[in-house]
Amino acid sequence: MIIIKLSKLTWLLLLFSSYHLASFDYYSCEANQIDYLNKLIRSRRFRNRAPDHPAELDNEYDQPGQEYYGHFSPVYVGNHKGLKKADKIKSLPGQPQGVDFDQYSGYVTVDPKAGRALFYYFVESPQDSCSKPLMLWLNGGPGCSSFGYGAMQELGPFRVKSNGNRLYLNEFSWNKVANIIFLESPAGVGFSYTNTSSDLYDFGDDRTAVDSYTFLVNWLERFPEYKTRDFFITGESYAGHYVPQLAYTILSWNKKPNQPVINLKGIAIGNAWIDDVTGQQGMYDFFWTHALNSDETNAGINKYCDFVEYSNPCIRYLNQGDEEIGTIDTYNIYAPLCNSSRSKSGSTGSVNEFDPCSDNYVRTYMNRKNVQKALHAKPTRWSSCGAVGWTDSPTTILPIIEELIGDGISIWVYSGDIDARVPVTSSRYAINTLKLPVVNPWRPWYYNNLVGGYVVEYEGLTLTTIRGAGHLVPSYQPERALAMISSFLQGKLPPPS
């Protein structure tokens, strides 16, 4: 049994929050990733609402993290003999012919006492999998499925046809360049579960990081051939919290004696929510610069909002800005909305034309009994986002990113440039607060003789954009996304021509 001290990670997560509890109620099971992040962002406004009188401020959180000091938590390591073989997928229902890679799925117990287990889907690379790195992908929310989004709508090897029964190949899947684990985390998301109902009301960043680390330690026991492989963590949206926190946890325990060493080489986070202040400031600046907000609203926001405390006039202008946008997809401001009545049942589908109704097709597919059986999943009413409460969420992850820069791992922040929810302006503002020296100045990068995006390399961190992509970068620009992640894994900037 491996013993882990939680205090330092928890202290870092909580110290840089204005308040360490960011609890918000869970959604119904039909909510999606946009809904979850929207609710978290709006909950900040009321939590940090400026008081009418300074005396109304309480000191409930004067000593963040005090409850964890000196606390030790054992990390369960189970017996994994024979489980890799049991997890191998023979074939997914409706998968096309010509699948030339191995795929696995199943559960890894992270807390046997609580009955908490996380579900994973793992795809190996079709060529030279023994020499390719290992990658973990995490979606955000918080509380949304990396399998349903990442694997089945973005960077995985398959997409679901509109009839919800059959799959087609994604020719730009990231398993061309890496062996990829898609983890449904925390428990209560997707097929992951807990037998302790109170867990569902008590999840947050801290437990998610610890459970994900426990998952990795156990998964590597099940797949020991990957123990020394170069390892990368990637993700998007609220995974701007998950990924750096998990990386910090891994590096912290790699330094301890008698602990397993995970060969972490780098992290890449896309359209990542990493800082509340710059996140919201960048979002409303993007609204105005992309003709989604009026001059009057923008002026009011600039006058009344510092995005730390929220006065009544500030909230009024922010709400006005939200209303002025109208009914569009803020994850891709130029994309059509889903119109299920126009969906062509049985259409072949195209990776190059992302279908805005894909959520519906994936939900139908995941809830088929033969699909759940093939995946070795427990019978589940699967949904893209789980009904979990969130009880701790720091207002900034930038101090942890600074720690990771000091540890010398590769850090990339990438951004689809037509996402309005976590836009490139937010990423740029956040990175600018770190005041990092520029190593290679801003320039375009190219793919197929066209500008694929722009890139700037700082000391310890790289920022790159993907031109024409929304929040789900691999969904909207699959070729450019694959070119970008290939450069990241190779440790070099995207090509200049």
Side-chain angles (χ1 to χ4, degrees), residues 80 82-108 119-139 145-161 165-184 190-191 215-216 219-220 222-235 263 268 348-352 358 361-362 365-366 368 370-377 474-475 478-479 481-486 488-490:
H80 295 271
L83 293 183
K84 175 186 173 181
K85 182 178 180 181
D87 285 355
K88 189 169 185 180
I89 298 171
K90 294 179 181 179
S91 177
L92 289 176
Q95 81 174 33
Q97 294 182 348
V99 173
D100 55 354
F101 53 85
D102 288 334
Q103 47 186 334
Y104 301 81
S105 62
Y107 291 94
V108 171
F119 184 85
Y120 79 92
Y121 173 64
F122 175 53
V123 289
E124 292 189 306
S125 186
Q127 288 90 33
D128 301 319
S129 63
C130 292
S131 64
K132 297 265 182 18
L134 178 65
M135 177 190 294
L136 174 70
W137 172 268
L138 300 170
N139 273 83
S145 168
S146 301
F147 189 15
Y149 283 106
M152 304 304 280
Q153 298 186 50
E154 300 186 67
L155 58 134
F158 301 116
R159 299 276 178 89
V160 182
K161 292 185 178 181
N165 293 325
R166 302 191 67 80
L167 306 174
Y168 61 98
L169 285 171
N170 173 12
E171 59 188 294
F172 306 109
S173 172
W174 289 10
N175 78 324
K176 305 282 187 188
V177 294
N179 305 287
I180 310 175
I181 309 168
F182 298 92
L183 177 63
E184 293 196 306
F191 293 119
F215 166 86
L216 281 174
W219 190 91
L220 289 169
R222 192 172 301 186
F223 292 81
E225 64 271 28
Y226 286 97
K227 282 186 175 182
T228 59
R229 200 74 61 91
D230 287 354
F231 178 60
F232 297 87
I233 313 174
T234 55
N263 192 22
T348 58
S350 169
V351 171
N352 291 308
S358 293
Y361 313 153
V362 171
Y365 184 79
M366 294 293 198
R368 291 176 54 191
N370 61 340
V371 170
Q372 295 189 5
K373 182 178 180 181
L375 290 168
H376 319 119
S475 299
E479 292 185 74
L482 180 58
M484 179 275 300
I485 207 66
S486 297
F488 164 68
L489 293 173
Q490 293 167 19

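Starting from 1, each residue takes its place in the sequence as its number. The structure presented is a predicted model; accordingly, all values stated were derived computationally and were not measured.
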Using the side-chain contact (heavy atoms from CB on, under 4.5 Å) rule, take Glu184 and Tyr121 through it: C-alpha gap first, then chi angles, then the decisive distance, then the call. CA-CA 9 Å; Glu184 293 196 306; Tyr121 173 64; over 6 Å; no
Would Asp100 and Gln127 count as a side-chain contact (heavy atoms from CB on, under 4.5 Å) here? Give the steps. CA-CA 9 Å; Asp100 55 354; Gln127 288 90 33; 3.7 Å; yes
Please lay out, stage by stage, how Phe158 and Phe101 fare under the test ring-ring contact (aromatic ring centres under 6.0 Å, His included). CA-CA 12 Å; Phe158 301 116; Phe101 53 85; 5.8 Å; yes
Test side-chain contact (heavy atoms from CB on, under 4.5 Å) on Leu375 and Phe147; report intermediate values, then the result. CA-CA 11 Å; Leu375 290 168; Phe147 189 15; 3.6 Å; yes
Derivation of the side-chain contact (heavy atoms from CB on, under 4.5 Å) call for Asn179 and Phe223: CA-CA 12 Å; Asn179 305 287; Phe223 292 81; over 6 Å; no
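Across Gln372, Lys373, Arg368, a single residue satisfies side chain to side chain donor-acceptor pair (under 3.5 Å) together with Asn370, and that is Arg368. Under the side chain to side chain donor-acceptor pair (under 3.5 Å) test applied with Asp87, the options Tyr120, Tyr107, Tyr104 reduce to a single match, Tyr120.
Between the side chain of Arg159 and the backbone N or O of Ala151, no donor-acceptor pair lies under 3.5 Å. A distance-only check finds a donor-acceptor pair linking the side chain of Arg229 to the backbone of Cys130 [under 3.5 Å]. Between the side chain of Asn170 and the main chain of Gly156, a donor-acceptor pair closer than 3.5 Å is present. Ser146 contributes no side-chain N or O that, together with a main-chain N or O of Phe182, makes up a donor-acceptor pair within less than 3.5 Å.
The heavy-atom pair separating Asp230 from Asn263 by the smallest distance is OD1-ND2, 3.0 Å. Ile180 approaches Phe122 most closely through the heavy-atom pair O-CD1, 3.1 Å. Taking both residues in full, the closest heavy atoms of Ser105 and His376 are given as O-ND1, 2.9 Å, listed atom of the first, atom of the second, then distance. In plain terms, the two heavy atoms of Met366 and Val371 that are nearest each other are CA-CG1, 4.4 Å. Between Tyr365 and Asn165, the closest heavy-atom pair is CE1-O, 3.8 Å. Closest non-hydrogen pair, Lys161 versus Leu167, comes out as CE-O, 4.0 Å.
A distance of 10.0 Å separates CE of Met135 from CZ of Phe231, quoted to the nearest 0.5 Å. Summarising the geometry, atom CD1 belonging to Ile485 is positioned 8.5 Å from atom CG belonging to Leu155; distances are rounded to the nearest 0.5 Å. Distance check: Tyr226 OH to Leu134 CG gives 7.0 Å after rounding to the nearest 0.5 Å. Taking CG of Leu136 as the reference point, atom CZ of Phe215 lies at 7.0 Å (rounded to 0.5 Å). Put simply, CD on Gln95 and CD1 on Ile89 are 8.5 Å apart, with the number rounded to the nearest 0.5 Å. Rounded to the nearest 0.5 Å, atoms OG (Ser125) and CG (Asp102) are 11.0 Å apart.
Using modelled atom types, one finds no donor on one side chain facing an acceptor on the other under 3.5 Å when comparing Ser350 with Asn352.
The shortest distance between side-chain heavy atoms of Pro126 and Asn175 falls below 4.5 Å.
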